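Written below as structure tokens is the structure these notes are about.
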Amino acid sequence: ILDDPDLKDIDPTVLKHCHAAAATCILEAGKQKADISAISACLEDCKLDKERIEQFCTEYQKNKDALEILLGSIGRSPLHITDVSWRLEYQIKSNQLHKTYQPSYLVTLNVENSDSGSHPDVSFSCTMEQLQDLVGKLKDAAKSLERATQM
């Protein structure tokens with residue numbers, strides 16, 4: 001968009017804000033399954049002229065099905081951790097046959113999405129310090145959530 005010669009006289013910051021606003025409008029309309037009359041009314045409230053509203057609605061209508069398919073594939077809720085498993089891995093030698101004696105943890109998070117059931121597990125490897133840092137951050141998050149629910 002910033003390379004378009006027709007838009008070279010417009011401040012790039014304003015152009016980015018306009019792009020973000022248009023994308024938000026399109027996504028919200030798709031998420032709400034809004035019809036053309038609702039979209040038109042919203043754009044009229046934003047003081048757009050009739051010609052631009054008609055052009056926007058025409059383009060939206062052309063791409064509505066593809067947008068709904070795309071939004072449906074993304075899902076509406078974040079993944080939910082259902083279980084966690086871990087094992088200690090102990091590396092004794094490196095590729096160069098040097099002794100290393102480096103312990104690490106292989107952690108597997110079992111996750112699911114309420115929209116579409118289960119997902120592939122999330123796995124990662126970390127050192128003891130990294131795992132302790134993760135556990136500390138999770139405890140902090142749990143305390144914050146507990147405090148927020150007590151208010």
Side-chain angles (χ1 to χ4, degrees), residues 1-89 91 102-151:
I1 291 174
L2 295 174
D3 297 333
D4 190 331
D6 294 335
L7 303 174
K8 68 178 179 175
D9 295 330
I10 300 174
D11 178 18
T13 305
V14 172
L15 198 56
K16 287 179 183 179
H17 284 285
C18 291
H19 185 267
T24 302
C25 179
I26 292 166
L27 289 174
E28 283 300 316
K31 192 166 80 173
Q32 303 295 328
K33 296 188 184 235
D35 60 356
I36 297 301
S37 62
I39 295 170
S40 295
C42 180
L43 295 176
E44 284 172 5
D45 290 345
C46 294
K47 309 286 188 242
L48 264 68
D49 60 55
K50 291 275 187 201
E51 182 181 318
R52 289 190 184 197
I53 292 172
E54 287 175 16
Q55 185 178 9
F56 182 90
C57 289
T58 302
E59 289 300 315
Y60 177 80
Q61 197 64 32
K62 280 187 211 174
N63 297 294
K64 183 179 179 182
D65 293 335
L67 176 66
E68 287 178 0
I69 291 169
L70 179 64
L71 288 174
S73 70
I74 294 172
R76 292 194 172 136
S77 61
L79 297 177
H80 175 73
I81 298 173
T82 57
D83 195 15
V84 63
S85 59
W86 62 273
R87 67 184 170 102
L88 180 61
E89 178 181 67
Q91 184 178 356
Q102 293 178 337
S104 64
Y105 292 91
L106 296 174
V107 180
T108 302
L109 303 175
N110 303 99
V111 295
E112 69 179 23
N113 186 316
S114 61
D115 290 344
S116 60
S118 65
H119 278 264
D121 295 338
V122 176
S123 297
F124 58 92
S125 177
C126 60
T127 65
M128 183 186 308
E129 293 81 18
Q130 291 169 327
L131 187 58
Q132 287 172 337
D133 185 47
L134 175 63
V135 169
K137 288 179 180 178
L138 289 172
K139 286 180 180 178
D140 289 345
K143 286 179 187 175
S144 294
L145 187 60
E146 188 177 313
R147 275 187 248 121
T149 57
Q150 289 176 353
M151 290 181 175

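As the structure is a prediction and not an experimental result, all values here were calculated from the model. Numbering starts at 1 and runs along the sequence shown.
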Handout entry: Stepwise salt bridge (Lys or Arg N to Asp or Glu O under 4.0 Å) check, Lys143 with Glu146
Key = CA-CA 5 Å; Lys143 286 179 187 175; Glu146 188 177 313; over 6 Å; no
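- Atom CD of Glu68 has more than 12 heavy atoms from other residues, nucleotides or ligands within 6.0 Å.
- The CD atom of Gln61 lies 11.5 Å from the CG atom of Leu67; values are rounded to the nearest 0.5 Å.
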Problem - From CA spacing to verdict: side-chain contact (heavy atoms from CB on, under 4.5 Å), Phe124, Leu134 - result: CA-CA 12 Å; Phe124 58 92; Leu134 175 63; 3.9 Å; yes
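- Of all heavy-atom pairs between Phe56 and Ile26, the closest is CZ-CG1, 3.6 Å.
- Under the 3.5 Å distance criterion, with hydrogens and angles disregarded, no donor-acceptor pair is assigned to the side chains of Ser123 and Asp121.
- Screening Thr108, Leu106, Val107 for a side chain to side chain contact (heavy atoms under 4.5 Å, CB included) with Arg87, the sole residue that qualifies is Leu106.
- Taken from NE2 in His80 to CG in Asn110, the straight-line distance is 11.0 Å, to the nearest 0.5 Å.
- Note that OG of Ser40 is 11.5 Å distant from OH of Tyr60, once rounded to the nearest 0.5 Å.
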Practice task
Mind running side-chain contact (heavy atoms from CB on, under 4.5 Å) on Lys50 and Glu44 for me, showing each step along the way?
Solution key: CA-CA 8 Å; Lys50 291 275 187 201; Glu44 284 172 5; 2.9 Å; yes
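- Summarising the geometry, atom CG belonging to Leu48 is positioned 12.0 Å from atom CD belonging to Glu54; distances are rounded to the nearest 0.5 Å.
- Between the side chain of Asn63 and the backbone N or O of Ala66, no donor-acceptor pair lies under 3.5 Å.
- Residue Ile39 holds its CD1 atom at 7.0 Å from NZ of Lys64, rounded to the nearest 0.5 Å.
- Rounding to the nearest 0.5 Å places CD of Gln150 at 10.0 Å from CG of Leu145.
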